[in-house]
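Shown next, in structure tokens, is the structure this report addresses.
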Amino acid sequence: MVQRLRVRYAKRGRLRFTSHRDISRALERAVRRADVPVAFSAGFSPHPKISYVGGAAPTGVASEAEYLEISVTRACDPERLRVALDTSLPDGLDVLDVVEAGSTSLADRMECSAWELRLPGADPALAGAAVEKFVSADQVEVERLTKKGMRRFDAREAVLSLAVFEGNETTAGQASGQPCVILRMVVRHATPAVRPDDVLTGLRLVADFAPPVPPEVTRLAQGPLDVHTGEPADPLGLDRDTTRGGEAEPVGRHVDGDT
């Protein structure tokens, strides 16, 4: 291994229903198709040195901020590798950014995530009242079935911000004219992880509020907490070579580059 590359990719559209294991397989196939000189582990069963950083978005949840690291056996141009990987992946798995890894751990930078939940058919007034009750509560205990059985934990402590907005419904990425309640939240990464569905459970417990249909959930960003904005900052900012590409691109924004 002579170089490590850090990759941000998105999971969009129908691909949000793909499991993390299937996404891992698709990415490994894309690495082979793109002729990436990936390094392999030693031993009887060598495997490509691809590590996934940060908690993977749950199945059924879209994401604009999934991260991985690839170790390679010869130096690669990050932008050329981004284009090659993006071309080799199916529509809906989109490689947004590639940078050469710095010396510090990327996993240590993943302090929080920003989420958006679209709630078609929900009542804005009821949603606003429920959010106020949740935010003002000192503790909101919820239960969730985990691999170790049913677990009870506080869903309020990890929520750094929670706000309600009004927008339009979206279907297959296209906005319609139908009104839609939108919840936006920033959640600190903790153990156990507090997920958007845990917050919805908390809203039901404190205010008897529940969306009439399953929500459309998207992770907008994850990274270190910016204490000035209260939002996740770009976790690749410390690695980015600003002398080649100008100012660092904000998290959640993607502009296609040229090879």
Side-chain angles (χ1 to χ4, degrees), residues 1-12 15-16 18-59 61-111 113 189 193 219 221-224 232-246 248-249 251-252 254-259:
M1 189 271 289
V2 300
Q3 185 187 40
R4 281 185 304 125
L5 296 158
R6 289 171 174 168
V7 178
R8 176 167 70 98
Y9 66 97
K11 182 176 67 164
R12 297 166 170 162
L15 268 295
R16 69 187 186 275
T18 306
S19 70
H20 181 62
R21 178 173 294 182
D22 287 337
I23 287 176
S24 301
R25 291 170 179 164
L27 284 163
E28 290 181 12
R29 288 195 295 268
V31 165
R32 292 195 295 270
R33 291 193 192 103
D35 198 25
V36 176
V38 62
F40 281 80
S41 63
F44 292 103
S45 181
H47 58 274
K49 288 189 174 182
I50 303 174
S51 57
Y52 295 86
V53 184
T59 302
V61 172
S63 177
E64 294 293 313
E66 301 298 290
Y67 292 87
L68 59 85
E69 290 187 341
I70 301 177
S71 298
V72 292
T73 57
R74 68 172 184 269
C76 297
D77 177 76
E79 178 59 15
R80 288 182 179 273
L81 186 139
R82 186 197 69 78
V83 173
L85 272 182
D86 191 47
T87 303
S88 301
L89 284 166
D91 292 340
L93 281 180
D94 302 314
V95 179
L96 308 182
D97 202 0
V98 178
V99 300
E100 186 170 359
S103 58
T104 59
S105 168
L106 181 59
D108 291 342
R109 304 175 196 172
M110 300 301 185
E111 297 176 347
S113 288
H189 294 176
R219 172 152 49 194
Q222 63 173 321
D234 182 3
L236 303 182
L238 294 176
D239 306 307
R240 198 178 309 279
D241 182 1
T242 56
T243 64
R244 298 180 58 188
E249 180 183 332
V251 174
H254 170 49
V255 179
D256 287 330
D258 297 327
T259 57

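Just so you know, residue 1 is the first one in the sequence shown, and it goes up from there. Atoms considered below: every heavy atom in the structure, side chains included; atoms not considered: hydrogens, waters and symmetry mates.
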Of all the heavy-atom pairs spanning [X] and [Y], show the shortest one and how long it is.
{"X": "L96", "Y": "A10", "answer": "CD1-CB, 4.0 Å"}
{"X": "V95", "Y": "D86", "answer": "N-OD1, 3.0 Å"}
{"X": "R4", "Y": "S71", "answer": "CG-OG, 3.5 Å"}
{"X": "A56", "Y": "R219", "answer": "C-NH2, 3.5 Å"}
{"X": "Y67", "Y": "M110", "answer": "CD1-CE, 3.4 Å"}
{"X": "S45", "Y": "S41", "answer": "O-OG, 4.2 Å"}

With a 4.5 Å limit on heavy-atom distance, are the side chains of [X] and [Y] in contact?
{"X": "Y9", "Y": "I23", "result": "yes"}
{"X": "L5", "Y": "C76", "result": "yes"}
{"X": "L236", "Y": "D97", "result": "yes"}
{"X": "D94", "Y": "L89", "result": "no"}
{"X": "V99", "Y": "P78", "result": "no"}
{"X": "H189", "Y": "E111", "result": "no"}
{"X": "R25", "Y": "D22", "result": "yes"}

Whether R82 and E79 form a salt bridge (side-chain N of Lys/Arg under 4.0 Å from carboxylate O of Asp/Glu) is what I want to check.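 Looking at R82 together with E79, the answer is yes, because their closest N to O distance falls below 4.0 Å.
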
Short N-O contact, E64 and R12, less than 4.0 angstrom: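 A salt bridge is present here (some side-chain N lies under 4.0 Å from a carboxylate O).
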
Any residue meeting side chain to side chain donor-acceptor pair (under 3.5 Å) with S103, in chain and number order, not counting sequence neighbours: none

Under the 3.5 angstrom rule, does the side chain of [X] hit a backbone N or O of [Y] as a donor-acceptor pair?
{"X": "R33", "Y": "S88", "result": "yes"}
{"X": "E66", "Y": "A57", "result": "yes"}
{"X": "S113", "Y": "Q222", "result": "no"}
{"X": "R109", "Y": "P235", "result": "yes"}
{"X": "S63", "Y": "K11", "result": "no"}

If I take atom [atom1] from residue [X] and atom [atom2] from residue [Y], how far apart are they, to the nearest 0.5 angstrom?
{"X": "R6", "Y": "L238", "atom1": "CZ", "atom2": "CG", "result": "9.0 Å"}
{"X": "D239", "Y": "T104", "atom1": "CG", "atom2": "OG1", "result": "6.0 Å"}
{"X": "L93", "Y": "L15", "atom1": "CG", "atom2": "CG", "result": "4.0 Å"}
{"X": "T73", "Y": "M1", "atom1": "OG1", "atom2": "CE", "result": "11.0 Å"}
{"X": "L27", "Y": "R32", "atom1": "CG", "atom2": "CZ", "result": "11.0 Å"}

